[in-house]
Each structure stands twice: as structure tokens, then as C-alpha cells.
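Note sheet for the following structure.
Per chain, numbering begins at 1; letters A, B, ... match sequence-line order.
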Amino acid sequence: MEPLGEYEPQRIEAKWQKIWDEQGAFHADRDAKRPKYYVLEMLPYPSGTLHMGHMRNYTIGDAVARYKRMRGFNVLHPIGWDSFGLPAENAAIKNGIPPREWTHSNIAQMKATCNRFGFSYDWRREISTCEPEYYHWNQWFFLRMLERGLAYRKRSSVNWCPQCQTVLANEQVVDGCCWRHETTPVEVKEIEQWFLRITKYSDELLDDMGELKAGWPERVLVMQQNWIGKSRGARIKFPVAKMEGASIEVFTTRIDTIYGASAVLLSPGHPLLPKLFEGVPGSGSIETEWNRLRQKLMRAADLAKAEKEGVFTGRFAVDPFSGELLPIWVANFVLAEYGTGAVMCVPGHDQRDFEFARKYRLPVKIVVQPLTGPSLKLDQMSEAYTEYGRAADSGPYSGMDSSKAIEKMTADAEAKGIAKRETSYRLKDWGISRQRYWGTPIPVVYCETCGIVAVPDEQLPVRLPENVALTGQGQSPLAGVPEFVNTKCPKCGGAARRETDTMDTFVDSSWYFYRYTDARNDRAPYGPEEAGYWFPIDQYIGGIEHAILHLIYSRFFAKVMRDLGMIQHREPVLRLFSQGMVQKGGRAMSKSHGNVVGADEMAQRYGCDTARMYTLFAAPPAKDLEWNEDGIEGCARFLNKVYRLVDRHTEKLRGVEAEKSRAMDLTHASAKEKLLLRQAHQTLRRVTNDFEARWHFNTSIALIMELVNEMQAQEPLDEGADPRVIKNVIELIVLMLAPIVPHISEELWATLGHSGGLARVEWPAFREDLAKEEQFEVIIQINGRLRGKILVGEGLSEDELVERAVNDPRIAPLLAGRTIVKTIVVPRKIVNIVVR
RNA sequence: GCCCGAAUGGCGGAAUUGGCAGACGCGCCAGGUUCAGGACCUGGUUCCCGCAAGGGAGUGGAGGUUCGAGUCCUCUUUCGGGCACCA
């Protein structure tokens, strides 16, 4: 044991980081002897600066990784870079730096920061999604999906951001505007796009959430459930009058309201429309109106707030139940992509239809009456009645409860062949084409004779060309690179053109955590044994902003991989933790908001242990955190205090063998020894629980602070306490701090005479008998109000406790002249005397 | 509009199961130490009345359940997040 001198965080931190690195302390390999634990933080986009928002994420993960190692787990804790994406391209346009160069230098910078914070990553497994070694496998997965009909091409209307000059995923549209350009309304445009058939897995994605109930936050599951948006109903056929063989299909969840239908409404893009106009007198003007509606739709970013509008087609449909003729309208609020793109208009029982009917004077009929309360009256209706109730004026179904009517009418309609049961989903297939340079090339060529041809596996990866001129305008930048575009058809050898769109970067992040298990595999995305050993992920940690997109795409990919026989499990992530955002000025800390507090700066000013500790101490990790440095000094002071505590005792504890708690005999222990051990083990119990279950690291730290304060209050420690006990408690403090502030802990551990470092040291064993209190403070209440306290030992009966309370000199006078109605006793805690 | 979540001192937050509200830290006040500053140490710090002992109020607001509510229930306000003509 050498005396410590001053606490110099920077020196200590650099020293231990070097040692860890030399030892490969955090390398994880398959190991049959220890249970595995895969803990992962969501991979960062290499924007260039690692800020306190990232830091919070990684500090939580690192504390857990280090704790689990101490608990004897074989811990896999990797990191990588989500390095394709628009910012690199924008930087290239703005500053003329090639995206690869920009990305590499950002990664180097951020990696240095990571190391500076001492995160216990296995760097051998580092990945970067923009490298051909990685995106090769994006292409490989795409081809597998293409073979299975899970990747397909279709012309579809897409969200187009005129600023980015590209397509946006639905998820990238926020309030009708581009997520990057928050004031630029998104336009609607029709293009040929590649899609992944995620909808094939709608039910599975929904059902398998059962497996996630225990380990995922409720709110994430709710969001995903709403996103998938399953609803059961019926598809009903309405024949078009005076048009042989033509019919319109609508989807409804409320077939029971069909007798109240007063029109059939089509979405403005409905494929049947041109045919409907044929032979209708004055259809020219109808078409003009219809086109106006369509145009308007394409411009309107915020459909939800637009007024209801419609155009009568001049045609009628036959209600298959009542035989009535219903006018066919085109309406702006009918969505082409949901259900069948057509609905029946039931103004009495759907608010949108109600508004539409009011505007265009369509009849309103009441066909559902509430089960209780006054009956609905037409002239008093100011809004639609959308609840269930009892069918009315509905032919043979009148009088049935709504749910029964739905069942009966569906069954009857099915029997007659005019309808069938159908389940509809809000979830749509995933459009992955991006008109961008900095992404994974889609491995497909277009041949004049063979059509769409997949690039064979042997020719993968289709490499992204370097030195491409980026202007930020128009079609995909790759289209302007003839060496890339012009190729030979793999099938016929004739001239062919390559696909010039690249993949959505969400593809990269949908399976990356499998790659970590076998990061250098050049024959497959990963080997089945490696993934089989490490998966599923035991703990995934990331921001709530990924609750839907990333996490639903990843689940989809896992299901495809399972169908490909690559994995056995159904769900890739067992437990998910959504940490709160770090904000500054009320907005999420991010480079694009320009409100980042750099992690390097914090490390420089306070040392990384202090910065790590403060991010955990300032708030429980699930809560949002407004960044504020006011409290960070307190953490610096505390670490100094711990450092000095050890330093003060280094001399005296030299050569002392710390009494192992496991074996410690307390029979002859002094009061001071008992006190120290009791508080230490009470702290250990709660800190352990915080790591295992609650993740309230802020309270763990508070408790350790209290323990240190208590030791200070008990100074001089060697008076009335065995140095072996003192050393034991000091070691306990160091070990409890080790996952949170690893550098200072290593330093102190070495100072205490241990060699070999903390990486393989066991988490201390909790001992109930050491933690047990001998006396309890019982509070005495009268009518629920605190009136006194007594100190009692173990083993008092309830009656004895009441006896003691009633006769307490403080309590007795307050009871004089009153009648005790009853007493409530909570053992070891409370006596409540109820008086009148 | 619908669905989630939150609201506690000057500030960040604590109270694991319905049982002493305000742990721990910041800030502030007082004292010690110091040539001074910093650092460190000790004590105090929800509000109101009171010199004090003590008493009263108190967890966004209003009601309720209970011997007892920050915690459970009903309504409500504000803030945050998600979804939104989803038929």
C-alpha cells in the first residue's frame, strides 16, 4: 500500500484505461462455464460529438455491464456506428468533404471520447454500417427477402420532402412536415419503390408482444400495438347500379350500422373511378372536380385538419342488405391505403360521415339506440352516436345488441356471398428506397430482356462508388455515375442498369446486434453458434424515440431470420429499458438543435468518474433530465472524500487482512463494529436491489454517500473497532462504487493491497444477520397524527407494544379523558391509537 | 379528439408494499480552520404562529375510500410524449 496523495482524476483515469486495454479486460468470448449476459446500448450516429445525452445512455449500460461481470456473468458489451445517413451527405454538399472521410473522422473523435470515459466495450467487435464488410449483409438479407417475396417493387404515393429532395418514411413525417425540416410541408408523389413486406408479420408482431410484457416498458408496447393497429370487421360488396359486374368493396368494423348508410365514399385515387365516370352525363365536369380534389390532397400536408370535401360521381350503389340505392361519392377523407380505399357513409354513427352528410345534405338515419338513457332523436343530434347500443330500424336485426348484430349480420352476409370477415391493419409495408448516395446500394439490376434481376450472392457486395459529385438535388446521386449504373445482366450478360436508390438506414440498424456476435465473419452475416450463444439480448438500453421504428423493424428482421433458419428465438430483445432524454433548454440534446454539452469538456473539467456519477445521480435513469451542472460539484466532492477516507487509513490498514464478511463472527463485536457493519450491509442490500431491479442509481449513490458520511462521523475509526472490520467496510464501499466510477475504484482497490484489478472481483455477499437492527423506533400516532416515538427491541407482542405506547410519558396526558376506540399496530413501525 | 406518462422545498430529487413527507446532493445561512482566497470540517435550512418548548398547515386543484393517502378511487388543471379523418 502506497499513500495516495492528491486525487487526480485525469491521471488515474488514463492509467487504468491503459491497463484495461492492455489486459483486454472486457473481451468477451463464448464460455461454457459462466452464464452469458448481453447488454447493449443503441448504436450512435457518428455526428462528431459525443454529448451528455449519449453519455447517459452509455453510463447506464456500462454500470450494468460492470455490475453483471462482478456477479459472475460472461458479459458481451459491444458498440458500433450507425454510419450511413443524410448528415454525411449534407456535410459533403456544404463543405466538399467526401462522406466517408467526414464519417471516419467523426468516428475517430467519438471513439476517443468513449475510451476517455472508460466504457467497458469489447472493441474487437466494433462495427460501422457504412463499411462494405457490413452493408454486404444488408444486401444479402435483401436478396433473401426478394427470393421469398418479402421484398417487392410497387408504384406508390410517397411522402416527398422538397428540401431533402427525397422520399420520407411515414415515420419521418412529423405533423405533416419533414422530421429534419420541421417547417417544410411534405408533398405526395408517385414513384416506383422497393418495399419490405413487414405486414406479413403483423399478427406475429402483435402476438409475440406477449413475450415482451415482462421485460419491456408498457408504453412502448402500447405504442407498437397502436402502430400495428389491428381491427376486425367485414369487407362488404356493394354492386354498382346499371354497371354489369362492377362493385365497390368497403371495409367496416360496424356492419351493424349498414341500414343507416346514406352513401358509398371512395378515396380520390380509387382505381374504379375512371370507369365509373364512363357514360355519366356531365362526367367531364365531375372529373374536373375530382382532379381538383386529388390535386388538393397532394398539396395538403395536414389532412387531419382539412375540411371534409366530396364530389358526387353520378353513380349509385346497391345496399346489399336493404336493396336501397346509395349515391357514390369521392371524399377527401377516405384513405386510399387503409382498408379497401372505400367506406360506407353512416352519418348517424360516424362523426366524419356526420360532418360530410351535413355539408352535402345527405340523409341521416338512426339505426343504433343507446342501451340506457333517452333515445336519440334526429332533430336533436349535434354529433354522431358512435357507441355500441341496440339496433333500430335495421330490418330483421332490429332490437339486437350491437355486438350480436355485428356477428349475425356478418354471418348472414357471408352465407349470401356479399361479404367476408376481414382484419385490417394500420401497419403498412416498409418502403426502403431512398434517393440518396450515402447508403447501402440495393443489389438489383434492370435488364431490358430479363427485367428485374437480383445480383448474385457471389457478386456481393455491390460497392458504393467513391468520389461521387453530390449536389443535393433531384434523383439519386448514383444515377449520375455511369461506371456504377451501366453493368451487365447477371442472367443474360446483356446491357443492364443498376438500381440507383439506396436503402433506408433503418435497415442497417435492424439486425446490427447480431453482427456483434460474429463481427468479422466474411461468409455470412453471423454464425449460428455465435448468435445462438449470445442471443437474445438480455438488456437493451436506448431512447424512447426509437420505441416504434427501430424496435418494430428489428423485431421484423428477427422473424425473417427465424424463417430463414438462422436463429431459434422469436424475439431478439428480452428486456428493454427506455432512458429519459437529456435536455437543454427544454429540447433533446442534439447537434441539430445546437444545444449539446460535450462529454469531453465534462471529462476535462471534472474527470470522467465524476461526470459518470453525476449523470446517474441527477435523476433516475427513466426520467427526462434537464442538463444543469449545479450539482456536479457535489459528486466531485464526494469522490474526493472517498479518496481521502482511504488515504487516511492506508497507513493503519497496511498488512491488515480484511475480514471476509462471509465468515465474520459478531459474537464479540464492539458497538462501533456492529454499527459500521450494519449500515454497510443495509446499504449493500439496497444498492444490490437497485442494480438488480429498480435501476435507481441515484438512490444507490445517496446511500453510499450516507455510509461514507457515517464513517467520517465515526472517526477515529480505529478507536473501538477492529482494523479488519474497518478494512472490510472500506472495501465494501469501493466495490459498490466500482460499476459507477470504475477508475477511482480500481485505484483505491489497488491501494488497499489488491492486485489483478476489479474486472473479475466478485460483488460482495450480503449478510442479513449483519444488516439486522436490534432496536426499532416505533412511532406513536393518535388518530393518525404523529405524537411520539419509542425505541423497542425485537420480540415485543402487539399488546405489549400498545401498553408501552399508552403509558409513554408524552402520550399518556394526551389520552386523559378520552376513550380508546381501537389500536392499530404495524410491527416494528407504528402504533396508532384511535380515540374519541 | 384518442392513448400513455408526469406534477413533492429556492433547485435536482427521496419516500421499494397505504405507515415519521422532504433522504442524498446543489444552493443559501451560521460557526470552525486558514494571512487571504480556495479547499476542508461542524451545525442549520418546507411554510405559518412562537423568544422557546410547542402548535398548525403542507406533495398542482376539488371530492372520496381508510385508523392512516405523495402513494388507491372519481373528477379537474397544467406540462411532456405518442397516435390521429384507420372506417
Side-chain angles (χ1 to χ4, degrees), chain A residues 174-175 217-227 229-231 233 250-255 257 265 302-308 331-335 337-346 349-353 355-356 386 424-428 544-545 547-548 578 580-581 583 586 613-614 617-620 622-635 637-638 640-641 644 686 689-690 693-694 696 698-706 709 712-713 715 777-789 821-826 828-835:
Chain A
V174 181
D175 288 332
E218 169 76 17
R219 58 175 171 158
V220 174
L221 294 175
V222 168
M223 279 190 225
Q224 291 212 355
Q225 201 171 326
N226 292 340
W227 193 258
K230 180 174 184 170
S231 54
V250 307
F251 174 74
T252 181
T253 57
R254 293 296 303 273
I255 192 172
T257 63
L265 308 180
D302 211 345
L303 288 178
K305 292 187 187 94
E307 202 188 329
K308 309 253 170 317
N332 65 344
F333 64 95
V334 180
L335 302 173
E337 318 83 48
Y338 184 78
T340 60
V343 299
M344 59 183 197
C345 174
V346 186
H349 305 286
D350 182 287
Q351 186 56 30
R352 297 154 297 182
D353 296 345
E355 287 164 26
F356 189 74
T386 57
S424 204
Y425 300 86
R426 208 191 79 98
L427 183 71
K428 281 174 237 161
I544 188 71
E545 67 273 20
I548 299 173
S578 293
M581 271 185 301
Q583 301 176 327
M613 182 173 170
Y614 181 61
F617 181 62
K623 269 191 75 164
D624 284 350
L625 172 65
E626 173 69 30
W627 184 256
N628 179 333
E629 272 146 54
D630 289 350
I632 198 166
E633 289 286 353
C635 293
R637 267 176 226 164
F638 169 74
N640 258 297
K641 205 188 260 196
R644 289 196 310 271
R686 293 190 46 191
N689 185 41
D690 276 341
R694 297 202 316 163
H696 283 200
N698 54 332
T699 58
S700 292
I701 292 168
L703 286 161
I704 300 169
M705 284 174 168
E706 283 186 80
N709 289 345
Q712 194 154 285
E715 301 262 13
E777 195 180 57
V778 173
I779 62 163
I780 305 169
Q781 297 178 332
I782 296 176
N783 290 348
R785 299 191 61 95
L786 177 67
R787 284 294 182 263
K789 295 174 183 180
V821 182
K822 72 192 239 190
T823 54
I824 290 114
V825 177
V826 182
R828 298 175 183 188
K829 274 187 183 156
I830 277 180
V831 177
N832 188 11
I833 304 162
V834 185
V835 299

Is there a Watson-Crick or G-U wobble partner for [N] with both distances under 3.5 Å, and if so, which one is it?
N	value
rA62(B)	rU74(B)
rU33(B)	none
rG27(B)	rU45(B)
rC86(B)	none
rA53(B)	none
rG22(B)	none

**Message:** Quiz question: going by heavy-atom distance under 3.5 Å, is there a donor-acceptor pair between the base of rC85(B) and the side chain of Lys308(A)?
**Reply:** yes
**Request:** Look at the side chain of Glu777(A) against the base of rC20(B) and say whether a donor-acceptor pair falls under 3.5 Å; ignore hydrogens and angles.
**Result:** yes
So, is [X] near the phosphate of [N], with a side-chain N or O under 4.0 Å from OP1 or OP2?
X	N	value
Arg637(A)	rC26(B)	yes
Arg644(A)	rC41(B)	yes
Arg785(A)	rA57(B)	yes
Arg787(A)	rC20(B)	no

Could you give the [atom1]-to-[atom2] distance, from [X] to [N], as a whole number of Å?
X	N	atom1	atom2	result
Leu427(A)	rC83(B)	CG	P	14 Å
Asn226(A)	rA84(B)	CG	P	10 Å
Glu633(A)	rC40(B)	CD	P	9 Å
Gln351(A)	rC86(B)	CD	C1'	16 Å
Asn709(A)	rU42(B)	CG	C1'	12 Å
Gln224(A)	rC83(B)	CD	C1'	14 Å
Ile704(A)	rC24(B)	CD1	P	15 Å
Arg254(A)	rA87(B)	CZ	P	11 Å

**Prompt:** Distance-only, no hydrogens or angles: does the Asn689(A) side chain make a donor-acceptor pair with backbone N or O of Arg694(A) under 3.5 Å?
**Reply:** no
**Request:** Report yes or no: does Asp624(A) contribute a side-chain atom to a donor-acceptor pair with the main-chain N or O of Met581(A) at less than 3.5 Å?
**Result:** yes
Between [X] and [Y], which heavy-atom pair has the shortest distance, and what is it?
X	Y	value
Asn832(A)	Gly784(A)	OD1-N, 3.0 Å
Asp353(A)	Met344(A)	OD2-O, 3.5 Å
Ser231(A)	Phe251(A)	O-CZ, 3.7 Å
Ser578(A)	Val220(A)	OG-CG2, 3.8 Å
Leu625(A)	Ala619(A)	CD1-CB, 4.0 Å

Taking any heavy-atom pair under 4.0 Å as a contact, classify [X]: base, sugar-phosphate, or nothing.
X	value
Val334(A)	base
Arg219(A)	sugar-phosphate
Thr823(A)	nothing
Val826(A)	base
Lys789(A)	base

What distance, rounded to whole Å, do you find between the two [atom1] atoms, one in [N] and one in [M]?
N	M	atom1	answer
rG5(B)	rG37(B)	C1'	48 Å
rC28(B)	rA21(B)	P	29 Å
rC26(B)	rU76(B)	C1'	34 Å

Nucleotides 66-69 of chain B: which of its N/O atoms have a protein N/O under 3.5 Å away?
from, atom 1, to, atom 2, distance (Å)
rC67(B), O2', Asn832(A), ND2, 3.4
rC67(B), O2, Asn832(A), ND2, 2.3

So do the side chains of [X] and [Y] get within less than 4.5 Å of each other, counting heavy atoms only?
X	Y	result
Arg254(A)	Asp350(A)	no
Val343(A)	Arg352(A)	no
Ile824(A)	Gln781(A)	no

Table of protein N/O atoms under 3.5 Å from nucleotides 11-18 of chain B N/O atoms:
from, atom 1, to, atom 2, distance (Å)
rG12(B), O2', Ala618(A), O, 2.5
rG13(B), O3', Asn698(A), ND2, 3.3
rA14(B), OP1, Asn698(A), ND2, 2.9
rA15(B), OP1, Arg694(A), NH1, 3.1
rA15(B), OP1, Arg694(A), NH2, 3.0
rU16(B), O4', Arg694(A), NH1, 3.2
rU16(B), O2, Asn689(A), ND2, 3.0
rU16(B), N3, Asn689(A), ND2, 3.3
rU16(B), O4, Arg686(A), NE, 2.5

**Message:** Check for me whether Lys308(A) meets the cation-pi criterion with Phe356(A), that is, NZ or CZ under 6.0 Å from the six-membered ring centre and within 45 degrees of the ring axis.
**Reply:** no
**Prompt:** Is the base of rG9(B) syn or anti, where syn means the angle lies within 90° of 0?
**Reply:** syn
**Asked** Which sits closer to the 5' end of RNA chain B, Asn640(A) or Glu706(A), going by the nucleotide each is nearest to?
**Response** Glu706(A)
**Prompt:** Between Glu337(A) and Ala702(A), which is nearer to the 5' end of RNA chain B once each is assigned its nearest nucleotide?
**Reply:** Ala702(A)
**Gap separating the CG atom of Asn226(A) from the CG atom of Leu427(A), nearest 0.5 angstrom** = 12.5 Å
